[in-house]
2 protein chains.
Amino acid sequence: MLTEERHQLIRDQLAADGKVLAGELASRFGVSEDTVRRDLRELAKAGQLRRVYGGAVASAPFAAATLSQRSGHAVEEKTRLAKAAVGLLVPGQSLFIDGGTTNEAIARTIPRDMELTIATNSLGVASALADRPLVELIVLGGRYVPDLGTCVGADTLAAVAQLGADLFFLGSCGLDAARGVTAFDSAEAEVKRAMAKNSAGIVIAVTNDKLATAAPYRVAGADAIRHLVVEKTAPAVALADFQSQGAQIHFA
Amino acid sequence: MLTEERHQLIRDQLAADGKVLAGELASRFGVSEDTVRRDLRELAKAGQLRRVYGGAVASAPFAAATLSQRSGHAVEEKTRLAKAAVGLLVPGQSLFIDGGTTNEAIARTIPRDMELTIATNSLGVASALADRPLVELIVLGGRYVPDLGTCVGADTLAAVAQLGADLFFLGSCGLDAARGVTAFDSAEAEVKRAMAKNSAGIVIAVTNDKLATAAPYRVAGADAIRHLVVEKTAPAVALADFQSQGAQIHFA
DNA sequence: CTGTTTCTTGCATGAACAGGCAAAACATGC
DNA sequence: GCATGTTTTGCCTGTTCATGCAAGAAACAG
């Protein structure tokens, strides 16, 4: 049994019962109580529970802050990209934001005092914006795809069709000067196309590993990109073609 | 065996089980553990899994969501109610779940191994269910109301109209034998009415403070309630009228 | 106060790990 | 065909990590 597995099971039981007992967990997992105690200590340090004599209870400030702190993969880069991308926003604008960890980082980075209208099909983005008092949030519903963290399908398309936006933050896709913007999933690509069609401009923020890669489904041509936010270390050769086709390049 | 082949099989098992063990994969693929570790390292770098000691686990978009563990008010009671309410579920059913902290508690309590189709207009409920592999989740989009934590409006109504459910978990409202189920907001009441209309049965789980109270907007008559989940300490006088109108009473 | 349970700390052990290296398989160019 | 470079793989080396055990400290119960 993996350490992470135990942690998840402890979190589950805490969410369900509100408490766990060290001895009970030890016998359930088939490990020593010492190991369980170590687990509880770690989770307590991470703020995911409150340690008490004999076990642990659910922590009160179970805040939504670090909602989707995914895996730490390229977190710093994405935070930098997010800051640069948010710099493009003008108060009062309306936005489409689709899924992906970079877009979630952007949503978290949007200042609390900026008035915006935002439509998104990403649960992570929606959760990040749910407590922004000045953001008019429109959730684009549909069939939820766990792998993407977003909603897709006919319902989503219908909802997008009724809206228009100044900017579309297009996320997590392949980016290639020749093939343009591409996605890995047919339904996902359809939603992105619909958003692109109803937006005045497209913004793409990508880490270097997305540059010069292509996926099967075509979303938009390279000439449709208004703003391209990339890392400082992005290879210039990969950017020149986008720039010549009208994209503004922003270095994070 | 090709490298890419192994990667795909790892992704498959991760999607199915949520975890993989390095040693187990090595013997299954007939390669050394070093090779498997290299595979896992690469997939982790690509963000397709999260590496842990001994193997890897699925990268959870947002692990411990619990959007609005609101103020810790009556957490224990709601947890008990949630457990009792979940006891009413039958695998394979389809559900409507609307907003409120009690319904979020119910969503969190739904076991990970239960297959269900669930449509919700609550971001909190959706986030709680987002990582349930066997739940077909349908997000009912629309204008998001921060105070309620749910989506309402014409879009939401249209989405509800296309669906049907076995049970409707109706949340956070006033409950009075004479006036039936009532809500505090016109748009909210509209959505609840639509869900009620398209469901075979209504389930309501309430803490004692909601009993014998009424709000301005009428949602459904007391006779529409199929199951009523209440605390053990609920006053019998408040329940008798519901029972006589056909509701089953469940004590948490 | 006394005994019991639970907790922390330190330590030893074995498993899992990353990095370097070399052999084998494969592709590429002449 | 032959030489050269690349990729993949397994093995080796030292290191890190998870775990259980033991001893002492702290919390609890009577």
Side-chain angles (χ1 to χ4, degrees), chain A residues 1-14 17-60 69-77 174 207-214 235 237-238, chain B residues 1-14 17-60 63-64 76:
Chain A
M1 155 157 309
L2 298 170
T3 305
E4 190 57 35
E5 258 181 295
R6 290 197 309 272
H7 287 195
Q8 187 55 50
L9 290 170
I10 291 171
R11 275 189 289 259
D12 285 353
Q13 186 176 341
L14 264 177
D17 300 355
K19 65 157 188 176
V20 292
L21 303 178
E24 180 198 303
L25 290 175
S27 62
R28 205 176 106 207
F29 296 156
V31 297
S32 75
E33 292 198 19
D34 297 44
T35 300
V36 170
R37 276 193 272 272
R38 261 184 280 252
D39 290 341
L40 295 179
R41 232 180 299 167
E42 287 174 35
L43 290 170
K45 198 167 185 179
Q48 308 196 16
L49 52 77
R50 197 160 55 82
R51 196 76 172 78
V52 296
Y53 199 82
V57 296
S59 66
Q69 192 105 345
R70 175 190 277 185
S71 66
H73 168 61
V75 167
E76 302 83 0
E77 290 87 322
T207 46
N208 286 346
D209 54 334
K210 300 275 180 55
L211 283 172
T213 66
V237 58
Chain B
M1 153 150 327
L2 274 57
T3 305
E4 194 53 37
E5 228 175 329
R6 290 198 308 273
H7 286 198
Q8 188 54 50
L9 290 170
I10 291 171
R11 276 187 288 260
D12 288 350
Q13 184 176 343
L14 219 48
D17 302 351
K19 64 148 189 174
V20 292
L21 304 178
E24 181 197 303
L25 290 174
S27 62
R28 208 178 100 205
F29 296 157
V31 297
S32 74
E33 292 199 18
D34 297 48
T35 301
V36 170
R37 275 194 274 272
R38 263 184 280 253
D39 290 340
L40 295 179
R41 234 179 297 172
E42 287 172 35
L43 290 169
K45 199 167 184 178
Q48 308 196 16
L49 52 78
R50 194 158 58 84
R51 194 75 171 79
V52 298
Y53 199 81
V57 296
S59 59
E76 300 84 359

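Note that the structure is predicted; figures quoted are calculated from it, not measured. Chain naming here is simple, since letters A, B, ... match the order of the sequence lines and numbering starts at 1 in each.
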Residue whose closest nucleotide on DNA chain D lies nearer the 5' end, B:Arg6 versus A:Val36: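 So the residue in question is B:Arg6.
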
Could you tell me the separation between the [atom1] atom of [X] and the [atom2] atom of [N], rounded to a whole number of Å?
| X | N | atom1 | atom2 | answer |
| --- | --- | --- | --- | --- |
| B:Leu2 | C:dA27 | CG | C1' | 14 Å |
| A:Phe29 | D:dA18 | CZ | C1' | 15 Å |
| A:Leu21 | C:dC7 | CG | C1' | 15 Å |
| B:Glu33 | D:dC17 | CD | P | 18 Å |
| A:Arg51 | D:dA26 | CZ | P | 16 Å |
| B:Glu24 | C:dA16 | CD | P | 12 Å |
| A:Arg37 | C:dG10 | CZ | C1' | 15 Å |
| A:Met1 | D:dG20 | CE | P | 12 Å |

Is a donor-acceptor pair below 3.5 Å formed from side chain [X] to base [N], judging by atom type as modelled?
| X | N | result |
| --- | --- | --- |
| B:Arg38 | D:dG10 | yes |
| B:Tyr53 | D:dA18 | no |
| A:Asp34 | D:dA22 | yes |

Could you tell me whether [X] and [Y] have a side-chain N and a carboxylate O separated by less than 4.0 Å?
| X | Y | result |
| --- | --- | --- |
| A:Arg11 | A:Glu4 | yes |
| A:Glu5 | B:Lys19 | yes |
| B:Glu33 | B:Arg37 | yes |

Side chain of A:Ser32 - closest among D:dG20, D:dG10, C:dC7: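 It is D:dG20.
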
Flag side-chain contact, heavy atom, 4.5 Å: B:Leu40 against B:Val20: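 They are in side-chain contact.
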
